[in-house]
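Both backbone and side-chain heavy atoms feed into the values below; hydrogens, waters and symmetry mates do not. Quick caveat, the model's predicted, so the values are computed rather than measured. Throughout, residue positions are numbered sequentially from 1 according to the sequence presented.
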Amino acid sequence: MQIPQRHRRAMAARAAAALATLLLAGCGRSEAPEAAAPPPRVSVVALAPEDFTVADVLSGRVAAVRTAEIRPQVGGIVRRRLFEQGAEIRQGAALFQIDPAPFRADADMARAALQRADVVAAQARLQAGRLEPLAKAQAVSRQAYDDAVSQRDQAVAEVAQARATLARRELDLRFATVTAPIAGRVDQALVTEGALVSPTDASPMARIQQIDQVYVDVRQPASALEALRAAVAEGSAPERAERAGLAVQILGAGDHGGHGDRPASPGLKGRVLFSGISVDAGTGDVLVRILVDNPRRQLLPGMFVQARVPRANYPGALAVPQQAVVRTGGQASLWVVDDAQRAHAVPVTLGELVQGHYRIAQGVQAGQRIVVQGIERLSEGLVVEARGVPAPGVAAGAASTSAAVAAASAPAMAASAAGR
């Protein structure tokens, strides 16, 4: 069936109108401006000076600052133990009581001998006094007078000897009570009541260890000894006098789970006393002795601990987190956000790496904002939305007050810059 001509013209007109509408719609879409992409968000920290300390973590053993083996100074039978095992005792406290009866009898005998010597000496002095005027008058021979004087002097000497013997016997009587020569913590008793003890015994009666202060003996390579001496000697004379030794932080026992850098106790610190003068031929190490205050007795003799010994100190240094450093072709750089919120890559010279923070030797200045998160989205000169985050302190060095203030003000600085 054939379509009438007027219908064909109407259909062609409608098709032309539809095509025109589609063309106009396509042109409208191509001429509409595209929406601008938002600037990438990055996290920044403001550089601030802080004390940066480079330290070596060394392993060592704890030793008591004083150790005394309790031994008897007289022989006898132990009658009583006068202390609680494991207790803190003071110097001079009674620990054991040895049977004092034999020593008391010896003291009584010596006292009686002294009294007898005093009587003999008095008689000899009286006899010499009587013969002296007679000898002068030649009523008695000179020999008789000289014999009287000699007997008098001998009697005086015997009195002195008897007095010394009495002092010794009384001293033995006091030694029957065994006392503590030092203050500290006493271990278990190694003898019991009824035991026969002697000054020549191979084993002691007990041991006392003074652990309110302890030594931590660590070993350091001899090659690093010069750096340790330089760290001790750095600074002015008043500063050295105030420190009285290089400050050392005591860490917990090094476990294999990765927590060996945990402090053994908050505030548990020590100071280096001295370094050894001989090098171990097998290991090439020297001994470094550290004195540690141990008021709460956390450290016990024989315990294995670690000590963070400073090797170098940089006051007022600039440090950045390790993740902020970008390396390109061996050159380290940092992304810095300027006042116009544009990111720029700045080459820097890195120093030591301590606890996940690099010391920046040169390349940036205090107050600049460093990108620490969102680096993968940056390109040179790109406008960014910077958000400040608190700057974490370096674990090996205490941040100064100015560093803490700058870290606290970093979010406000970033917000203000974003507003501009």
Flag if over 12 foreign heavy atoms under 6.0 Å of CD, Glu376:
yes

Determine whether more than 12 heavy atoms belonging to other residues, nucleotides or ligands lie under 6.0 Å from atom CD of Gln161.
no

Kindly determine whether Val305 and Val292 satisfy side chain to side chain contact (heavy atoms under 4.5 Å, CB included), including the steps that lead there.
CA-CA 12 Å; Val305 296; Val292 182; over 6 Å; no

Is Tyr215 close to Leu291 at the side-chain level, that is, under 4.5 Å between some pair of heavy atoms?
yes

Taking atom types as modelled, is there a side-chain donor on Gln210 or Arg66 under 3.5 Å from an acceptor on the other?
yes

Determine whether Val336 and Ile370 make a side-chain contact, defined as any pair of heavy atoms from C-beta on separated by less than 4.5 Å.
yes

For the residue pair Asp212 and Arg297, establish whether any side-chain heavy-atom pair is separated by less than 4.5 Å.
yes

Do Ser141 side-chain atoms and Ala144 backbone N/O form a donor-acceptor pair below 3.5 Å?
yes

Under the side chain to side chain contact (heavy atoms under 4.5 Å, CB included) criterion, do Val78 and Met205 qualify, and how do the steps go?
CA-CA 10 Å; Val78 177; Met205 303 175 71; 4.0 Å; yes

Any side-chain heavy-atom pair from Val57 and Leu251 closer than 4.5 angstrom?
yes

For Tyr358, the ring pair (Phe, Tyr, Trp, His ring centres under 6.0 Å) test, sequence neighbours excluded, returns none

Would you mind checking if Glu170 and Arg111 are paired as a salt bridge, meaning a charged N to carboxylate O distance below 4.0 Å?
yes

Gap between atom OG of Ser333 and atom CZ of Arg327 - 0.5 Å precision
9.5 Å

If you measure only the distance, is there a donor-acceptor pair under 3.5 Å linking the side chains of His344 and Glu380?
yes

Measure the spacing between CG of Leu334 and CG of Leu350 and express it to the nearest 0.5 Å.
7.5 Å

Could you note down all residue pairs passing salt bridge (Lys or Arg N to Asp or Glu O under 4.0 Å) where residues 201-211 supplies at least one of them, sequence neighbours left out?
Glu69-Arg207

Please report the C-alpha distance between Leu299 and Ile211 in whole Å, then the side-chain angles of each, then the deciding distance to 0.1 Å, and finally whether the side chain to side chain contact (heavy atoms under 4.5 Å, CB included) criterion is met.
CA-CA 8 Å; Leu299 301 182; Ile211 58 174; over 6 Å; no

Contact between Asp217 and Arg289 at the side-chain level, heavy atoms closer than 4.5 Å - yes or no?
yes

Is Asn294 reaching over with its side chain to a backbone N or O of Gln298, donor-acceptor style, under 3.5 angstrom?
yes

Between Pro72 and Ile98, the two heavy atoms sitting closest are CB-CD1, 4.0 Å

Distance alone, cut at 3.5 Å: any donor-acceptor contact between the side chains of Gln213 and Asp293?
yes

Minimum heavy-atom distance between Ile70 and Pro181, given as atom pair plus value
CD1-CD, 3.4 Å

Aromatic plane relationship, Phe52 with Tyr314 - under 30° parallel, 30 to 60° tilted, over 60° perpendicular:
tilted

Take a 6.0 Å sphere around CD of Gln323 and say whether it holds more than 12 heavy atoms from other residues, nucleotides or ligands.
yes

Quick check against the 3.5 Å criterion: does Asp285 have a side-chain atom that pairs as donor or acceptor with the backbone of Arg219?
no

Assess the residue pair Asp147 and Gln151 against the criterion (side chain to side chain donor-acceptor pair (under 3.5 Å)); give the C-alpha distance rounded to whole Å, side-chain angles, the decisive distance to 0.1 Å, and a yes or no.
CA-CA 6 Å; Asp147 290 343; Gln151 290 176 2; over 6 Å; no

What distance do Arg80 atom CZ and Phe96 atom CZ have between them, rounded to the nearest 0.5 Å?
12.5 Å

Using a 4.5 Å cut-off on heavy atoms from C-beta on, say whether the side chain of Gln209 contacts that of Asp187.
yes

Is Arg169 close to Met109 at the side-chain level, that is, under 4.5 Å between some pair of heavy atoms?
no

Heavy-atom nearest pair, Ala121 first then Val159, reads CB-CG2, 3.6 Å

Could you check Val371 against Val44 for side chain to side chain contact (heavy atoms under 4.5 Å, CB included), going step by step and ending with a plain yes or no?
CA-CA 4 Å; Val371 179; Val44 298; 3.9 Å; yes

Hey, does the side chain of Arg152 reach the backbone of Arg125 with a donor-acceptor pair shorter than 3.5 angstrom?
no

Greater than 12 external heavy atoms within 6.0 Å of Glu193's CD:
yes

Under 3.5 Å, is there a donor on one side chain and an acceptor on the other for Gln73 and Arg174?
no

Does atom CZ of Arg116 have more than 12 heavy-atom neighbours, drawn from other residues, nucleotides or ligands, at distances under 6.0 Å?
no

May I ask you to test the Trp335-Val42 pair for a side-chain heavy-atom distance under 4.5 Å?
no

Verify, without hydrogens or angle tests, whether Arg387 (side chain) and Ser43 (backbone) share a donor-acceptor contact under 3.5 angstrom.
no

Ile290 side, atom CD1; Ile250 side, atom CD1 - distance, nearest 0.5 Å
5.0 Å

Hey, is CZ on Arg377 packed in by over 12 heavy atoms from elsewhere, all under 6.0 Å?
yes

If you compare all heavy atoms of Pro39 against all heavy atoms of Val383, which two are closest, and at what distance to 0.1 Å?
CB-O, 3.4 Å

Nearest heavy-atom pair of Leu173 and Pro100: which atoms, and what distance?
CD1-O, 3.7 Å

Would you give the length of the straight line joining atom CZ of Arg359 to atom OG1 of Thr53, rounded to the nearest 0.5 angstrom?
11.5 Å

Show, in sequence, the C-alpha distance, side-chain angles and deciding distance for Gln249 and Arg308, and conclude whether the side chain to side chain donor-acceptor pair (under 3.5 Å) test is met.
CA-CA 5 Å; Gln249 184 181 7; Arg308 180 178 286 124; 2.9 Å; yes

Nearest 0.5 Å, what's the CG-CZ distance between Leu378 and Arg342?
13.0 Å

I would like to know whether Arg104 and Asp108 meet salt bridge (Lys or Arg N to Asp or Glu O under 4.0 Å); could you show each step before the answer?
CA-CA 6 Å; Arg104 186 175 295 113; Asp108 292 341; over 6 Å; no

For Ala176 and Gln97 the tightest heavy-atom approach is O-NE2, 3.4 Å

So does Asp338 get a backbone contact from the side chain of Arg369, meaning a donor-acceptor N/O pair under 3.5 Å?
yes

